[in-house]
Every structure is written in C-alpha cells, then in structure tokens.
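Everything on this sheet refers to the single structure shown next.
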2 protein chains.
Amino acid sequence: MDDVAAAIADPVRRQILVMLRERPLAAGQIADRFTISRPAVSRHLRVLRESGLVRDTLVGRRRLYELDASRLAGLIEWLDQFAPADDWERRLDALETEVYRTRRERSRQNATDRQQENTA
Amino acid sequence: MDDVAAAIADPVRRQILVMLRERPLAAGQIADRFTISRPAVSRHLRVLRESGLVRDTLVGRRRLYELDASRLAGLIEWLDQFAPADDWERRLDALETEVYRTRRERSRQNATDRQQENTA
DNA sequence: CAAAAGCGTAACCACTGTGTTACGCGTTTG
DNA sequence: CAAACGCGTAACACAGTGGTTACGCTTTTG
C-alpha cells in the first residue's frame, strides 16, 4: 500500500490515472497531453506500473496502459478509519432512506400484485 | 489536496495520524513511539500541520497535536471516482444489513417497553 | 530492406525530502 | 532564580525524485 500512496502523491500520476479511467491509452497518447517530455511521462508510467495501479500490454510497436483501480482498495480502507462518525451516520442515513424507498416500492408493487390477483 | 496526498505518502506520518485517532498527544509522546530522532518526528509533524491534517495547541511547555481528519475529504472524494460499482454495492449491502440489525434491535426494545408498560 | 514510428532506458543535473547532531527559547520546578 | 524539561529550528549529509537530452531496440511502412 506504501507504493500506492507514493504513486498517488504526484499530480502528474494522478492525472494519468484519471485519463485511464475512461479507456486504455498508449504511452504516446498519454505523453501528448502533458507539457513535460515523453521520457518523463514514461518514468511516471513505470512508477504506476510498479505500484500495480496500471497494467501494460504490448500492441505492435505501441504499449497500451490500462487502469487497475483495485490496488486503491487498501488505501481507501486505510482512509476509512478516519471517516468521522457523523459522516458515517450521514452515509447510513442516506442509505437507510434508500432502503426505505426501495421497501416502499416493493410494497407498492406487492399491492399491485394483489390487485392483479383479485382481477384474475 | 496535493499537500494531503504528499503527507499521506510517508509511513511515519500515516502512523502518527493513526496514533492521533485515539486522542491528542504531545510531541514528545509521539516521538517516543518511534525509533527515529525527536527532531525528525518534529518535522513530520510540521508537514502534517502545514497540510492541515493536524492542529497544534501550546499547553505550558508542551505542544499538543490533534487530528483534523476533515482535510482527508478531498482525497477520499478523488478516490471515489475509482471505486468500482460493485464495491459501492458491497458497502450498500453491508449498511443495509446494519439498518436491519438496528431495526431488529429497536423492535426488541419496543417489545420490552410494552411489557414494562403492562407491568406498570 | 531502409526509413520512420513508438517507447523505454541511460546519463546527467537540480531540487526536495528525511535523517542526524547542535542549539536556542520559553516553561516549569526545586 | 538556576537547573531541567519540552520542543522547534538550523546546519549538514545523503538518498530519492523528477526533469532533460541522447540513444537503442522493436515494429511498421513505403
């Protein structure tokens, strides 16, 4: 998880991750979107690769990079221990509302079902 | 948010944040829990202070540090854009279970309340 | 098959970060 | 009020990071 945290610390690398969120990109395509040199981007890609945040595949003479966001799980889990209680409760409340909404819909659906049974 | 990400990147600083999760600590108390020198810890504390993750208060000749986890919000929000859908659903399921558990407890409590009403 | 494309790596340089020891300043204490 | 405490800062050494240009390897292309 240490590698992931260090990788995230750099703004260029964070930007690359955002770019790859859409779809895989070749190294050159990524480099074109930055003002820094292509080798500099290449080294950022290496850091991301070694942290596991990114997987690369050789396609002809190009190298495609794709996101592997699963490696962020550890960091997210670590951060969760700092989520304040009332934030947690806020989430819980929001989800509780969601659950009730779902239950209301289920009830309405059941009522409809019963009416249809009567009609049948 | 860049400051926060950089602050999080160091394992010593992450450990300090975990320590402060319990309660505020004086600089010396924090330093005692590390093998590195006290000035080294002091500088880590400065990084945390300047990133806003930590607030300090002078108390006599000691300096108490307390956590301010609210500054993590931006980073958490940024990370959320990479949370896969089924991870969100996993959280929802877990919280849904929590909601039902709470409701069961409330029902049991209500039942007890009614029994006590009968006794009264 | 020679030339161009696409990328990574090497070598180098400047800057930053992290550790150390020495020191200074304000606060408590005997 | 002098000594001890608590803590930050300064000065320094050194490793790591991030940028650059030059180069080389593999794959496509005309």
Side-chain angles (χ1 to χ4, degrees), chain A residues 1-20 22-68 71 75, chain B residues 1-20 22-68 71-72 75 78:
Chain A
M1 192 204 72
D2 212 350
D3 299 329
V4 173
I8 294 299
D10 188 275
V12 172
R13 289 194 288 265
R14 281 202 303 274
Q15 188 62 32
I16 292 176
L17 292 179
V18 170
M19 291 161 69
L20 293 178
E22 305 281 340
R23 58 184 172 285
L25 291 174
Q29 295 178 305
I30 297 171
D32 286 345
R33 309 196 187 181
F34 290 98
T35 61
I36 62 177
S37 69
R38 191 183 50 73
V41 174
S42 184
R43 283 227 312 241
H44 282 301
L45 287 171
R46 177 164 59 179
V47 173
L48 290 173
R49 203 187 314 140
E50 290 173 350
S51 75
L53 284 169
V54 143
R55 293 280 288 166
D56 64 309
T57 320
L58 255 74
V59 176
R61 59 183 165 182
R62 296 187 310 161
R63 186 179 290 263
L64 288 182
Y65 286 90
E66 63 178 335
L67 183 64
D68 180 4
R71 299 303 301 272
L75 181 59
Chain B
M1 193 205 73
D2 212 352
D3 300 329
V4 174
I8 293 300
D10 187 275
V12 172
R13 289 194 287 267
R14 282 201 304 274
Q15 189 61 33
I16 291 176
L17 292 179
V18 170
M19 292 160 71
L20 293 178
E22 305 281 341
R23 60 184 170 286
L25 291 174
Q29 295 178 306
I30 297 171
D32 286 345
R33 308 194 188 183
F34 290 99
T35 60
I36 62 176
S37 69
R38 189 183 51 74
V41 173
S42 183
R43 284 227 313 242
H44 282 300
L45 288 171
R46 177 164 60 180
V47 173
L48 290 172
R49 203 187 316 144
E50 290 174 350
S51 75
L53 285 169
V54 142
R55 294 279 287 165
D56 64 310
T57 320
L58 255 75
V59 177
R61 59 183 165 184
R62 296 187 310 162
R63 186 180 289 264
L64 289 181
Y65 286 90
E66 64 179 335
L67 183 65
D68 181 4
R71 300 302 300 274
L72 291 172
L75 181 59
W78 185 85

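For clarity, every value in this text was computed on a predicted model and none was experimentally measured. Chain naming here is simple, since letters A, B, ... match the order of the sequence lines and numbering starts at 1 in each.
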B/Ile8 vs B/Leu53 side-chain heavy atoms within contact, under 4.5 Å: yes

Close side-chain approach of B/Ile30 to B/His44, heavy-atom, < 4.5 Å: no

Separation between CG (A/Leu17) and CG (A/Leu48), nearest 0.5 Å, reads 5.0 Å

Using every non-hydrogen atom in the two residues, find where B/Ala27 and B/Leu45 come nearest and quote the distance to one decimal. CB-CD1, 4.1 Å

Main chain of A/Ala7, side chain of A/Arg13: is a donor-acceptor contact present, judged purely on distance under 3.5 Å? yes

Residue whose nearest DNA chain C nucleotide is more 5′ - A/Arg46 or B/Ala6: A/Arg46

Rounded to whole angstrom units, what separation is found between the CD1 atom of A/Ile36 and the P atom of D/dT20? 6 Å

Where each residue is assigned the nucleotide of DNA chain D containing its nearest heavy atom, which of B/Arg38 and A/His44 is assigned the position nearer the 5′ end? B/Arg38

Evaluate the side-chain proximity of A/Asp56 to A/Tyr65: yes if any heavy-atom separation is below 4.5 Å, no if none is. yes

Could you tell me the separation between the CD atom of A/Glu50 and the C1' atom of D/dG18, rounded to a whole number of Å? 15 Å

When you measure from every atom of DNA chain D, which of residues 26-33 of chain B have a heavy atom less than 4.0 Å away? B/Ala26, B/Ala27, B/Gly28

Heavy-atom closest contact (A/Glu66 atom, A/Thr57 atom, distance): OE2-OG1, 4.5 Å

Does anyone know the first and last nucleotide of DNA chain C in reach of chain A, 5' to 3', at under 4.0 angstrom to a heavy atom? C/dA4 to C/dA11

Given atom CG of B/Asp10 and atom P of D/dG16, what is their separation to the nearest angstrom? 14 Å

Can you tell me how far C1' of D/dT27 sits from CG of A/Leu58, to the nearest Å? 10 Å

I want to confirm an ordering. Mapping A/Ser37 and A/Gly60 to their closest nucleotides on DNA chain D, which one lands closer to the 5' end? A/Ser37

For A/Leu64 and D/dT27, give me the distance from atom CG to atom P, rounded to whole Å. 15 Å

Salt bridge (Lys or Arg N to Asp or Glu O under 4.0 Å) filter on A/Asp2, not counting sequence neighbours, yields B/Arg14

Can we say A/Asp68 and A/Arg55 salt-bridge, meaning some charged N sits less than 4.0 Å from an Asp/Glu carboxylate O? no

Just to be sure I understand the rule, does B/Tyr65 reach a base, reach only the sugar-phosphate, or reach nothing, if contact means heavy atoms closer than 4.0 Å? sugar-phosphate

Calculate the interatomic distance between B/Ile16 atom CD1 and D/dC7 atom P; express it in whole Å. 13 Å

